[in-house]
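In the text below, chain A, chain B and the rest are named by the order of the sequence lines, each starting its count at 1. Keep in mind that what you see is a predicted model, and the values were worked out from it rather than measured. Side chains included, hydrogens not; waters and symmetry mates left out as well; all remaining heavy atoms used.
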Amino acid sequence: MMLRALLFLTCLLGVPSYGAVAPLVTELNKHSVDITARYTGDRILLFGAMPGGGDVVVKVTSPAEKISIDRKESLGPFWLSGHKHVVEGVPGVYYLLSSAPLGHLADADTLARYGLTLDTVFAAMRASPPPQHPAAMRAAILRIKKADQHFLVLDDAVKIIGGRLFYVSIPIPARLPLGQYTIHTLFLRNGTVLAEESKPLDVDEVRLEHWVSQVAEEAPWTFGALFVALVLLLGLGLGIFLNRSRA
Amino acid sequence: MEIFLPIAHMDVNLLLIVFFGAIVGFLSGLVGVGGGFLITPLLIFVGVPPLVAVGTGAAQIVGTSAGGTYAHWRLGNVDMKMGLVLLVGSWSGGALGVQIAKMLEAGGNFGNTVTFLYVGLLGFVGFSMLLESINALRGSQKARARPAAANGEGWHARLPMQMDFPVSGLRISLILPVVIGVGVGILTSLMGVGGGFIMVPVMIYLLRMPTKVVVGTSLFQLLFTTTEVAILQAGVNHAVDPLLAIILILGSVFGTQWGIRLGAKLPGEQLRLILALVVVSVAVKMLYGILVKPDELYSLALTR
């Protein structure tokens, strides 16, 4: 994988740039992440060429997740789960990977317009029932998602080579929302976004794992009945076999 | 060796789950109790959502009790009529319990409920076993007074709907086993336990069934109660993780064989003391978990 990426980069270096502005070009070393029972995290390599001197920001977003959040409250001597809120519209994964600290690349308005701050994740957030302390809840979501590496800001992740080429190794966590991710690359110079490009990344369960979780989700009764029948036969079979082998 | 659980939607260490299955199977082979009441707390400790831990626990018991039930049925140790009457109760209780679980989960209170039920149940079972085994080790074999045995014939002989149970040689009211069944069914769906630790003493001391059929009938009853509850937990609450259940079953079936072999060689009193200490420490750990102020007050979970 790495070798192929390096070859690609070497080819790009060899291509002379005709005209004033060369385009922003990006490529991924693979276009899908397969989730199997043995999947425990992955890394995706994004590499590309940029039009000239400047900086690069890579924004990775996943589809929104439906999550529930609850706050432990003290009740007498106990700390118990309090009211549960269902939160929708917050992306499961939000990475901002850049070649320099975001604050140095553009002013706050520009960053906000292109979704280059973590506060963007709350733009479409809906919580039901509405929380009493929305600011505390948002802070908690940020804190927990950062700790889980689902929200990530790394200002030295994108490496620039020779002022023309760049690459970034994107960490894909072990536990993550499924669906089509978007990897959005922005090229900035003097506080302005000069070029953008998007690449999709499919993150899905495959083979047996996919089939099992799909059946369990879409036909829970069939799944329940079949699985319990299977377990019953398994237990019966093992019981008879072990009794024989002991006797 | 980490594996990804499709329904619990999390990573767990495969060997740790095999170890949980094996240790619970080992204890049950050693001492003869089911041990379902240890699986659910252990799964919760490693971060499995409480509802998935409870639903998967029920499915795991189906697998581990099928072989034993078949063996007892072949030997004629199952009072089928009593078993079916108990099932009428425990199936209703199970269906009711799964709906209660759904309501509690929607309100965010399922985890609290499970914690309190387990602290209470494990605390009670653990301390009784601890006292019993300490007494046994001291050699005080004083026959304890059994109030139920002393005036047992009294109140429940006067209940309506008396029925004959020829295999057990009993004539009792239907109401009693049905009500007991309802209670055990609710426990199965709220705690992921088979309820053998309640059923066996109830059958011996309250229903006065002959010891020969007690274990077989209780296994028969709990096998089909957990079967119903596991199907309902999957259907209503999407709470049965197939991979987790299979790993636990394989671990515990082999753990049980190992426990039976070792149990034959070791003194029973010490074994009971060890199990009692395990049960009490799980209860204490659960209690500690809700008494100490957590570092992070908020918690996030994926939902449907």
Problem set entry | Set of ring pair (Phe, Tyr, Trp, His ring centres under 6.0 Å) partners for B:Phe45, sequence neighbours left out | none
For this session: Look up atom CD in B:Glu296 and atom CZ in A:Arg143, then write down how far apart they are to the nearest 0.5 Å.
Result: 4.0 Å
Exercise. A:Leu236 versus chain B, heavy atoms under 4.5 Å apart: side chain, backbone, both or neither?
Worked result: both
Exercise. Of the backbone (N, CA, C, O) and the side chain (C-beta and beyond), which part of B:Ile249 lies under 4.5 Å from a heavy atom of chain A, both, or neither?
Worked result: side chain
Exercise. Under a 4.5 Å heavy-atom cut-off, does chain B meet the side chain of A:Phe227, its backbone, both or neither?
Worked result: side chain
Exercise. Of the backbone (N, CA, C, O) and the side chain (C-beta and beyond), which part of A:Leu226 lies under 4.5 Å from a heavy atom of chain B, both, or neither?
Worked result: neither
For this session: Heavy atoms only, distances under 4.5 angstrom: which of B:Ile246, B:Leu243, B:Asp241 has the most pairs with chain A? Name it, please.
Result: B:Ile246
Exercise. Of the listed residues (A:Gly76, A:Ala219, A:Pro77), which shares the most heavy-atom pairs with chain B below a 4.5 Å separation?
Worked result: A:Pro77
Problem set entry | A:Ala136 versus chain B, the contacting section by heavy-atom distance below 4.5 Å | both
Problem set entry | pair B:Ile231-A:Phe223: side-chain heavy atoms closer than 4.5 Å | no
For this session: Could you tell me the separation between the CD1 atom of A:Ile240 and the CZ atom of B:Arg74, rounded to the nearest 0.5 Å?
Result: 7.5 Å
Problem set entry | Which atoms of B:Leu287 approach chain A - backbone, side chain, both or neither, heavy atom under 4.5 Å | side chain
Seminar exercise, completed: One should read off an interatomic distance between B:Tyr298 OH and A:Lys72 NZ, to the nearest 0.5 angstrom, of 12.5 Å
For this session: Answer with side chain, backbone, both or neither: which region of A:Leu75 has an atom nearer than 4.5 Å to a non-hydrogen atom of chain B?
Result: neither
Exercise. Checking heavy atoms, do the side chain of B:Thr227, its backbone, both or neither come under 4.5 Å from chain A?
Worked result: both
Problem set entry | Which atoms of B:Ala58 approach chain A - backbone, side chain, both or neither, heavy atom under 4.5 Å | neither
Exercise. Checking heavy atoms, do the side chain of B:Leu232, its backbone, both or neither come under 4.5 Å from chain A?
Worked result: both
Exercise. Does the side-chain contact (heavy atoms from CB on, under 4.5 Å) test come out yes or no for B:Val253 and A:Leu234, once each step is laid out?
Worked result: CA-CA 10 Å; B:Val253 166; A:Leu234 176 73; over 6 Å; no
For this session: Give, for atom CG of B:Leu297 and atom OG of A:Ser74, the distance between the pair rounded to the nearest 0.5 Å.
Result: 9.5 Å
Exercise. Chain A heavy atoms under 4.5 Å from B:Ile3: which part of the residue, side chain, backbone, both or neither?
Worked result: both
Exercise. Roughly how far apart are A:Leu80 CG and B:Thr115 OG1, rounded to 0.5 Å?
Worked result: 8.0 Å
Problem set entry | Spatial distance of atom CZ (A:Phe78) from atom CG (B:Leu291) [nearest 0.5 Å] | 5.5 Å
Seminar exercise, completed: Greatest number of non-hydrogen atom pairs under 4.5 angstrom with chain A, of B:Pro242, B:Ala234, B:Ala245, B:Gly63, falls to B:Pro242
For this session: Show your working on side-chain contact (heavy atoms from CB on, under 4.5 Å) between A:Leu238 and B:Leu250 and close with a plain yes or no.
Result: CA-CA 9 Å; A:Leu238 282 173; B:Leu250 293 178; 3.8 Å; yes
For this session: Indicate yes or no: at least one non-hydrogen side-chain atom of B:Leu300 is less than 4.5 angstrom from one of A:Asp148.
Result: no
Exercise. Looking only at atom types and distance, does a side-chain atom of A:Lys84 sit under 3.5 Å from a main-chain N or O of B:Glu105, one as donor and one as acceptor?
Worked result: yes
For this session: List the atom of A:Ser81, the atom of B:Gly108, and the distance in Å for their closest heavy-atom pair.
Result: CB-O, 3.8 Å
